[in-house]
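These notes concern the structure reproduced below.
When a ligand or atom number is given, it counts from 1 through the structure's own listing order. The residues of the chain are indexed from 1 along the displayed sequence. Values below: all heavy atoms of this structure, side chains included; hydrogens, waters and symmetry mates excluded.
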Amino acid sequence: MTTHDMLAKLDAQVRHAELVRDIKAHDEKYYQDDAPEISDAEYDKLRKELEHIEAEFPELITKDSPTQSVGAAPSKGFKKVQHAVPMLSLSNVFSEEDVDDFLTRIRKFLGLSESDAVDIVAEPKIDGLSCSLRYENRKLVLAATRGDGAEGEDITANVMTIDEIPKTLPDDAPDILEVRGEIYMSRKDFKALNEAQEEAGKPVFANPRNAAAGSVRQLDSTVTANRPIRFFGYALGQVSESFADSHYKIREKLSAWGIPETTFQLCASKDDIMQHYQDILENRADLDYEIDGVVYKVNRLDYQERLGFVSRAPRWATAHKFPAEQAITKLNAIDIQVGRTGALTPVARLEPITVGGVVVSNATLHNEDEIERKDIHIGDTVVIQRAGDVIPQVVEALKDKRPKDAQKFEFPHTCPVCGSAAIREGDDVVRRCTGGLICDAQAVERLKHFVSRLAFDIEGLGSKIIELFWEKEILKTPADIFRLKDKNDDGEIEPPLQTWEGWGEKSVANLFDAIEERRTVDFNRFIYALGIRQVGEATAKRLAATYTNLPTLKSAMKDAQDHENSAFEDLLNIEDIGPAVAEDLIAFFAETHNEEVLSDLENLLAIKPYDAPQASDSPVSGKTVVFTGTLVTMTRAEAKARAESLGAKVAGSVSKKTDYVVAGADAGSKLKKAKDLEVEVLSEDDWNSLVNS
Ligand code: IVH
């Protein structure tokens, strides 16, 4: 160690002790006395600084460091609100080729030819946080964050302080109108705010987005009132009556009603779009707000409606992201993380560096082949890049800067957590731990997944707390979460949670409330929460729609173990479920330990049967449909998407469980099978009148 290094360490040691002392004092003020002396942002900054020091000098981490006890304790939070119409997210494109694919996909879905016009509106993608404004009888009554898209947080009090958002609308606005848009902070205001913060000895914000988010998330709206946050509208949620037939006209109307708006441009071709993208990209520095791309939206609303959405993003829109920002830093180490399904992922530990306004100290190296291919050694100087909210990546190692003592990385063949063999199956690029249930890492990751946002979404039960509860053997399986309160009340948790460092009556009560709130859960969320390999959000929804409730799903999966029967066939008939996914599902339900966990959960929870989206009043809701032959009024893709959006299940082959076979021209074997099994056969016209009735 050089003298310089020694002095640096000594400094760090002194500052570390100070931070530990201060953070603890603030924790007590906040949790026990409910009288914080500093803002959330200031507090976060102290914790960040502590984490930084500990990342650099791990030997300074002590048992009593706040980083080792609880992470963020449950936030006292905002009221939750259900969105009347889901708040969607956007898919991304990165190149001209991607833009071409986007347009081709739209034409194909709608059955249009090259020569048919598909007008696109291009508008800047503002880097802020999305917000929905609800007007009832032309009065602003509710403002909500996006949250998970279905449920957000009520931030009305704070949004009321944003001057440029109209609180009332003119008489020609509909009775119910939801305006979706972005809350942001202008560059000028951000700069001034940071200068004022600095002058007052308060912490500064990393970028305008963080400043806007921090301002909106204040529980005390008088703080928000003094922050210069603003709003741009760009889409609609629920509306009581339609008032336009194109996105362009919607934007014009919003503008006329006094909603602040960005520019928007009608583009008639891909060349037009690319030209406009270049313009915005080149001139972005002149804008007084930060943008991270250009959003393209199909102009015609009837097309938008027909295109609908996949999972949580519309087919009729996409975001063309600006090129990723890069930076050069040193790779200090490579750690292996073990995921929920046992996948071993190499993570680069970097010398912290700012990339596009965000401090990056970790980046993904994907898998062992990537490390090999890019020839990355520990100690290398590396180029990293970050695009939007995607995990930062290591792009390459600068070979001419490689120090003599740089080390080649040996990818482990055993799990670094449980020591079981880690193997690669077939041509899988991923090496996986074979420890299964005995692997602590997998168990902990499964618990984290179980409480995550698209699963049970339990507020206040973050990763740090899950890890802590696991370590203290308070949580072993997901069911334990729902026994936590009883165990704590009955004295089975020693000492009781309320007396733990950093916790108090209030934060424990908040956590128990958050858990209680989720004791009733949607069946599709429940399936997703189980963390079955290859079963993501969309597949979970399809399974929920097919089997409706847990007992039915369990017995169907048992029956499907015998591959020759109809239960297996039914499973394969579900859209997007192929033999590999089917095997993973069957294996999950056959595992004894999983059976126990499931029956435990069944006793502790109320699992709501799947409620298909907007389905209840459609005559095809809940019906199983097979499309066959050539359709003329719509493409197969559109027919399927429409049927699913009305709550029907679309299957690939005909069985006794099929309700309708929709037969177009030249229908063959499926039509014959339908007749043999006496399944009702509809013409395309019959089907259209049924779904439009
Ligand atoms: S439209 C129905 N338009 O980007 C589609 N989103 O990455 C809903 N965003 O969640 C979004 N500028 O918060 C749309 N001009 C714009 C936007 C925009 C920024 C945000 C929005 C969205 C996110 C998706």
Side-chain angles (χ1 to χ4, degrees), residues 83-94 98 102 106 120-133 143-153 155 159 178-186 207-210 212-213 216-217 229-239 244 246-248 250-252 254-255 259-267 273 276-277 280-281 284 287-301 303-322 324 386-391 453-454 613 645:
H83 296 302
V85 172
M87 281 183 84
L88 302 177
S89 165
L90 291 170
S91 59
N92 294 326
V93 296
F94 295 93
D98 292 349
F102 169 68
I106 288 170
I120 296 286
V121 175
E123 53 194 42
K125 183 170 190 301
I126 309 120
D127 198 7
L129 54 145
S130 43
C131 173
S132 179
L133 306 177
T145 61
R146 185 172 77 182
D148 64 2
E151 183 185 82
E153 288 178 326
I155 51 165
V159 166
E178 284 185 3
V179 179
R180 304 270 159 95
E182 205 82 352
I183 291 178
Y184 72 101
M185 192 177 286
S186 79
N207 53 45
R209 209 199 93 83
N210 283 4
V216 169
R217 291 197 54 85
I229 48 175
R230 317 181 62 151
F231 179 83
F232 277 131
Y234 50 62
L236 298 180
Q238 195 183 30
V239 275
S246 69
H247 181 65
Y248 197 90
I250 290 177
R251 298 279 317 245
E252 284 183 330
L254 291 180
S255 216
I259 305 283
E261 297 216 60
T262 59
T263 56
F264 50 102
Q265 167 88 33
L266 200 60
C267 302
I273 292 175
H276 191 63
Y277 170 81
I280 296 189
L281 177 62
R284 71 192 275 209
L287 294 174
D288 190 31
Y289 47 90
E290 291 202 345
I291 61 175
D292 57 349
V294 182
V295 181
Y296 305 139
K297 297 174 180 172
V298 169
N299 191 35
R300 276 174 60 163
L301 296 191
Y303 281 174
Q304 286 192 7
E305 180 139 354
R306 284 174 58 190
L307 286 158
F309 50 90
V310 224
S311 208
R312 277 173 300 120
R315 281 195 193 81
W316 48 264
T318 196
H320 192 166
K321 289 291 191 77
F322 291 146
R386 183 187 148 258
D389 31 22
V390 185
I391 304 171
R453 216 171 60 154
L454 299 175
S645 78

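Between the side chain of S132 and the main chain of A144, no donor-acceptor pair closer than 3.5 Å is present.
With ring centers used as reference points, Y289 lies under 6.0 Å from F232. Taking the six-membered ring wherever Trp is involved, the centroid distance between the rings of H320 and F94 does not fall below 6.0 Å.
Under a 4.0 Å criterion applied to the non-hydrogen atoms of L88, ligand 1 contributes the atoms 8 (C), 10 (O). Heavy-atom contacts of E123 reach the following atoms of ligand 1: 3 (N), 15 (N), 16 (C) (cutoff under 4.0 Å). Close contacts between ligand 1 and S130 involve ligand atoms 10 (O), 13 (O) [criterion: under 4.0 Å to a heavy atom].
Heavy-atom separations between Y184 and ligand 1 are all 4.0 Å or longer. In this structure, K297 has a heavy atom closer than 4.0 Å to ligand 1.
Listed by chain and number, the residues in a salt bridge (charged side-chain N to carboxylate O under 4.0 Å, His left out) with R146 amount to none (sequence neighbours excluded). With sequence neighbours excluded, no residue forms a salt bridge (charged side-chain N to carboxylate O under 4.0 Å, His left out) with E305.
The shortest N or O to N or O distance between R146 and ligand 1 is below 3.5 Å. In terms of polar-atom proximity, defined here as any N/O pair under 3.5 Å, P124 does make such a contact with ligand 1. For ligand 1, the polar-atom distance check finds an N/O of I126 within less than 3.5 Å of one of the ligand's N/O atoms. Residue-to-ligand polar distances keep S89 apart from ligand 1: every N/O pair is separated by 3.5 Å or more.
In this structure the side chain of R300 never reaches within 4.5 angstrom of the side chain of Y248, judged on heavy atoms.
Using a 4.0 Å cut-off between charged nitrogen and carboxylate oxygen, E123 and R251 count as a salt-bridge pair. The pair E182-K125 does not count as a salt bridge, with every side-chain nitrogen at least 4.0 angstrom from each carboxylate oxygen.
When the options F309, W316, Y296, F232 are ranked by their closest heavy atom to atom 2 (C) of ligand 1, first place goes to W316.
Contacts with ligand 1 closer than 4.0 Å are made by side-chain heavy atoms of V295 only, the backbone lying farther away.
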